[in-house]
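To start, the structure itself, in structure tokens.
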Amino acid sequence: MSSASPSAPGFCRDCLREHRSTQRRCVACGSPRLVRHDELYALSIAHIDCDAFYASIEKRDNPELADKPLIIGGGKRGVVSTACYIARIHGVRSAMPMFKALEACPQAVVIKPNMEKYVSVGRQVRAMMQDLTPLVQPLSIDEAFLDMGGTETLHRAPPAQVLARFAARIEAEIGITVSVGLSYCKFLAKVASDLQKPRGFSVIGRAEALTFLKDRPVTTIWGVGKAFAASLAADGIHTIGQLQEMEEGDLMRRHGTMGQRLFRLSRGIDERPVEPESIAKSVSAETTFNDDLSRPEELTAHLRALSEKVADRLRKSEHAGQTVVLKLKTADFKLRTRNRRLESPTRLADRIFRTGMELLDREADGTRFRLIGIGVSDLSDPALADPPDLVDTGATRRAAAEDAMNRLRDKFGRASIETGYTFGRKRR
Amino acid sequence: MRITLERSNLLKSLNHVHRVVERRNTIPILSNVLLRAAAGDSLEMKATDLDLEITEGTPVTVEQPGATTVPAHLLYDIVRKLPDGSEVRLATNAEGTAMTVASGRSKFSLQCLPEADFPDLTAGTFTHSFKMKASDLKMLIDRTQFAISTEETRYYLNGIYIHTVESKGDLKIRAVATDGHRLARADLEAPSGSEGMPGIIIPRKTVGELQKLVDQPDATVTIEVSDAKIRFTIGSIVMTSKLIDGTFPDYQRVIPANNDKELRVDCQTFAQAVDRVSTISSERGRAVKLALNDGSLTLTVNNPDSGSATEELPVGYESDPLEIGFNAKYLLDITSQLSGGEAVFMLADPGSPTLVRDLAGEEALYVLMPMRV
């Protein structure tokens, strides 16, 4: 970054040799990938983001694709999940409809996403992050915050060097590249990792934070999307610099708690800690159909399968939930969520499904849906779940049947037994 | 319509009827109260939510008979704020589009909706009619109301089930409510006229309103029943309600008959002890553990987040030692309804329903599902 005085510490990201000069290339290996920054060895909050994650994995597994524009996405519902950097040059972006992407880049190779593979690579990367520090807060399958504070003795190197070594290790062992952002807080670490992609390594220090943010658009601030940016623009606010000149009280009066966030983040103040393993607030599963569905019996089959998936996840995470939430997306992309609070928490597919069915009954009026999802929130201790019922004695028997099914599945696999709701239906 | 009446009379009646009116309504006229002044110097007020309707008459001076409907909560709030002892004058304009409320120096004008649009629930005939003392009806409600389920899924549990049964040669009228975790049952001698009435489920909201109307113990309540509706007449108040259209489960089979372990506790001492130890319990799982040994009961609450509590009570218990958990709130709900000094628990094992009743009376009994502790 800019904030490098002549005596600023630095090193070569390829051979890790220390540098304290203003040379453009490493004297040892000739690499131009030098990092220098006044605060380089004082910063410990990092954001690591894999570069074009899905596309990089596919290119790794098929070297023929290396120099071709590659788009991951499609299926019948064509949107772009990930575009490789070559495709991005042609203007392809994530979440773009596939036909538009192919208009922009007709020569692109399109591959359907193989989520299982990406998840397993994502896990490998995360495991390697956890070698660096226990304080890893995953944001998604391919990015995470790391708090490297206090690890210097362990690694016998300051965080910056450990991270550079880590990036090199990911390239060598997994075969994909990552970009690293290093700063003193989460907000700026995330901004930094985006500055120099792919294979980036960017540093934002305390001293430069204010000037760095000054000319950036307000959308740089986490939580400021299109709509909020528009409402700020209506007040004449476009850059973070303008926010820096405003009073906290004024911003809070105008925008509530978000105003406080604007005030603090615009000044580079972000005290949110890196929290490993965020506590789950809900457990859910959803599916997007290949073709829009409207017939209740088809929706029911999906609902049953998803309820079992949710129950399975509850079992694994040792949770029970008390509010059942049904999510539907209509063919014209309108989202409908309906929820119902139960008398007691549940961990049973049976109760989740039955409650979901009641909610679905009112919605399945011939409307065509493209997505259905079911989940539970209000998580609590499974010991309190599904108390025996005086009236519905059948519930106890259905619960016993479900436990038996689970034991069979644990032993012989998911497909070994299923209910009539899903039996014979084509599995997605 | 032009009438004059005492503020206190108007307020009392409005207080009864306006509660039926839901705060949010998609049908505008359901937000209104119907006012109908007849030549015989009486004003009839009526409010409904389409499931429940309350009508109340009050004496007025009628200058010109007529009828209209005005926003119920608004009228109630206005009358409530008028000074005590004042006189209120209600008058509609010639077109019937507005009604003025005048009292002393205050004057309000309210928008009206035509009386003809006001829905009427009273149609239909009743097959059975009988009278009960208000205190008896109140007793049936009080003993069972707390166990009414709020679970929408099982709508047929969202009320009190009233029916008649033969018990030891006598005909009884019986109220039952359950939410699946506990069950409450109360009996009274069947009033004449109730023989052969259909089993009915009175919805929770109706039960709640009824409870407020039966506060004068000596009053007589006339009850008329059909298989779809029920009507209560108490003095000048008439309440008509739809019934829950569903089948109440066969509750008799969940009442344990063979529980052999008997526990006798002094109701008040027991309730206070349960209340004390449950202070420590978490909001969600209010389980209290009862450990029974010869002649003694140890109550324990463990809350991993805050700590633990224990209390020992001398009790009447002579069976094998037993540990069983209950929801503290449910225990308190039941003990607060027991009228005698001593309560009897009939227990079987930690996983089976427990029976609770007064030592004195057979008229009310409770079933309680244990919790895992």
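Each chain gets a letter, A, B and so on, in the order its sequence line appears, and its residues count up from 1. Remember, predicted model here, so these are calculated numbers, not experimental data. All values below were derived from every heavy atom in this structure, side-chain atoms included, with hydrogens, water molecules and symmetry-related copies excluded.
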Is the shortest side-chain N to carboxylate O distance from A:Asp378 to A:Lys281 below 4.0 Å? no
Could you tell me whether B:Asp260 atom CG has more than 12 heavy atoms of other residues or ligands within 6.0 Å of it? yes
B:Lys205 and B:Asp51 ion-paired at < 4.0 Å: no
Region of B:Asp179 in contact with chain A, defined by heavy-atom distances below 4.5 Å: both
For A:Arg340, is it the side chain, the backbone, both or neither that has a heavy atom under 4.5 Å from a heavy atom of chain B? side chain
Do we see a donor-acceptor contact under 3.5 Å between the side chains of B:Tyr251 and B:Arg174? yes
Counting only heavy atoms not in B:Arg143, do more than 12 sit closer than 6.0 Å to its CZ atom? yes
Find out whether B:Glu311 and B:Arg276 are in side-chain contact, i.e. whether some heavy atom of one side chain is under 4.5 Å from a heavy atom of the other. yes
NZ/NE/NH1/NH2 to OD/OE distance under 4.0 Å, A:Asp410 and A:Arg315: yes
Under 4.5 Å from any heavy atom of chain A, what part of B:Arg182 do you find: side chain, backbone, both or neither? backbone
Which residues in residues 151-160 of chain B have any heavy atom closer than 4.5 Å to a heavy atom of chain A? B:Glu151, B:Glu152, B:Thr153, B:Arg154, B:Leu157
